[in-house]
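Here's the structure we're looking at; comments come further down.
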Amino acid sequence: MDANNVARVTCPACACLCRDVDLEFDDRGDIVHTYNACRKGAAFFMGSYRENRALPKIEGKPVSIDDAVKSTVEILSNAKNPVIFGLDTSSLETQVLGVGLARKLNAAIDDTSSLCQGLVLERIIPGSMKTCTLDDVRDYSDVMVYWGSDPANSHPRHMSKFSYFPRGKKRQKGWETDRMPICIDVRKSNTAGVCKKFYKIEPKGDEGLINDLLLSLDGKIGGKEIGGKGIDGKEFAKLTNILKKAEHCTIFSGLGLVYSLKNSIKLFDALIEKLNEYAPTHVIPMVGHYNMRGMTQTLYDASGYINKVRFSDGEVDHGSQYSITSTLQGKEADAALIIGADPVSSIPLKTSISLAGIPTITIDAHETPTTMISRVVIPAAITGIEAGGEALRMDGVKHELSAPRENKEVLSDAELLKRILEGV
Amino acid sequence: MEIYQLLPKTNCKECGESTCMAFAVKIISREHGIKECTPLMEDSKYAAEKNKLLEMLKPMEDAGETGLIIHDDKCFGCGNCVVACPVNVANDPEGAAIGDGPSNDKVILKVVDGVVVAQNVGECRRFGKNRILCNACIDPCPSGAIEFV
Ligand code: SF4
Ligand code: SF4
Ligand code: SF4
Ligand code: SF4
């Protein structure tokens, strides 16, 4: 490693935002080696800026950036019910601009959180559910529960940097004796394989498990009564006991849990409250996109809601009718601005078809299925490689992003939004 | 025991051990290399046994003296082994021990280009006179990428 050609950066390939990644460059400035980044981070730094870059286009034909921006301004200015979606992989500064644009346009604004961690984030951000930082977890947590989450695959360094293996202030003896990692999932994931306890539940079995935990915490049931959920009664009693006696417990809620609690999230509220009667118990949502936490916080600061918001003449309206799936399926939306997101790959087909039917503008660094159905495509710099900014880690802690390969040829999404804001 | 069965079993002592059995045991503990059995290497009547043994012991040689093999294709680069290894912890209390990337070159395991690589393997607890059966990098590995042969 030649120290002259090395830069320390923050990795935005997941919401762990690891700050100890070293990049090594060759003479042309290309990134040729990564140090400390996991496989996912290494692929991001060495591959993403070279491959599959988006080009400015209108209706599939190459145009200049200026023309693409002009067309965007026209479409958005003429729309009565525009929709803005995305911003989870943008800097905080860009997010503020995006929310400002929604306000100016009287637009509906939503992000991927409405399809995933929104249910937990709308408790964590206003403070109604107890949470802590990943640094607290490293320093204090003796019990950590990966519930419906599989960090080994989704956030590879989560366990090594924060939640299981590192030494921390009150966790000096090492992972063998200091920590009790527990995995609750419908299948034996890679994460389950390294946890000291694994509880395999049936699909949608989370609700039943919570109900049983609520009862057993108060000593109302025990032993054999649990059998039906696929968990052995004795093991279940152990789980109850571990949670009750924890010095500092953190539950990492994953999509597996969130999806299965869609209609019964209040039960999870009750469980966290009940657990806190016995032991300090915290929840950290396993946010995927590196700055989804930032987007939900930014929108919350501006409107009082984390997602699914509609601005109209300074007033704020909120509700499921403003989720990306509802606005598009309701056929009301007459233009869409997608920023750094690929909804076509994640929303139901019907919604994608609606999106293809209205003038859609996509700002993205890469070609995606969504850019392919968009009327206007505007390429953006890759935040974290070509443009800097700030972002919130999954636990809400702010980190500076680096721009180790600043690229003046591509505008950042912040610069693009500024130009659009000036025009509309 | 497979290694013993393939040795000349003449107890000729050329390898410095008094019996072929003793030599076989020390092959496994890495105190001898198979090439130290000169009759096996040089006498053509043992050619078949020699080839079989060389083939059998190849992974041990690839793995170097500690027997550590990393399967790059499986590794997630998660760093669990980097942070869990007691030698890394002792040699880098301000880096690997607290979950960060190694801050000095005295560690055994570190992650380069998204996969783990080993260096300073002589420091590994499975090596040397006071070796112990340390599993601190294997147990935390979510992908089964680390193996000792
Ligand atoms: S865990 Fe996430 S932030 Fe850390 S190096 Fe891997 S992808 Fe990047
Ligand atoms: S040199 Fe080979 S044949 Fe002779 S004792 Fe040693 S192992 Fe046996
Ligand atoms: S066997 Fe033990 S000492 Fe050797 S590399 Fe693995 S964890 Fe480290
Ligand atoms: S624990 Fe396994 S997967 Fe993780 S870095 Fe080490 S060898 Fe790779």
With a 4.5 Å cut-off on heavy-atom pairs, point out which of B:Ile98, B:Val111, B:Val116, B:Asn80 contacts chain A the most. B:Asn80
Max heavy-atom pair count under 4.5 Å with chain A, selected residue of B:Gly79, B:Pro93, B:Ala96, B:Ala97: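 Option with the greatest count: B:Ala97.
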Check whether [X] gets within reach of chain A through its side chain, its backbone, both or neither, counting any heavy atom under 4.5 Å.
X	result
B:Cys141	backbone
B:Pro102	both
B:Val112	both
B:Val82	neither

A:Arg138 portion near chain B, given a 4.5 angstrom heavy-atom threshold: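 Side chain of A:Arg138 only, per the 4.5 Å heavy-atom cut-off to chain B.
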For A:Ala152, is it the side chain, the backbone, both or neither that has a heavy atom under 4.5 Å from a heavy atom of chain B?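 For A:Ala152, the contact with chain B is made by backbone and side chain together.
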In terms of heavy-atom contacts, does [atom1] of [X] have more than 12 from other residues, nucleotides or ligands at under 6.0 Å?
X	atom1	answer
B:Glu94	CD	no
B:Lys9	NZ	yes
B:Asn104	CG	yes
A:Lys398	NZ	no

Heavy-atom pairs under 4.5 Å with chain B are the metric here; pick the option from [options] that has the most.
options	result
A:Arg19, A:His33, A:His158, A:Met46	A:His33
A:Thr191, A:Val32, A:Asn190	A:Asn190
A:Ser160, A:Pro166, A:Ala42	A:Ser160

If every non-hydrogen atom of [X] is compared with every non-hydrogen atom of [Y], which pair is closest and at what distance?
X	Y	value
B:Asp139	A:Val194	O-CG1, 3.6 Å
B:Asp72	A:Arg39	O-NH2, 2.6 Å
A:Cys38	B:Phe76	CB-O, 3.6 Å
A:Arg157	B:Gly99	NH2-O, 3.8 Å

Among B:Cys78, B:Ser143, B:Cys75, B:Pro142, which residue satisfies the side-chain contact (heavy atoms from CB on, under 4.5 Å) criterion with A:Pro156?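 That would be B:Cys78; it is the only one of B:Cys78, B:Ser143, B:Cys75, B:Pro142 passing the side-chain contact (heavy atoms from CB on, under 4.5 Å) with A:Pro156.
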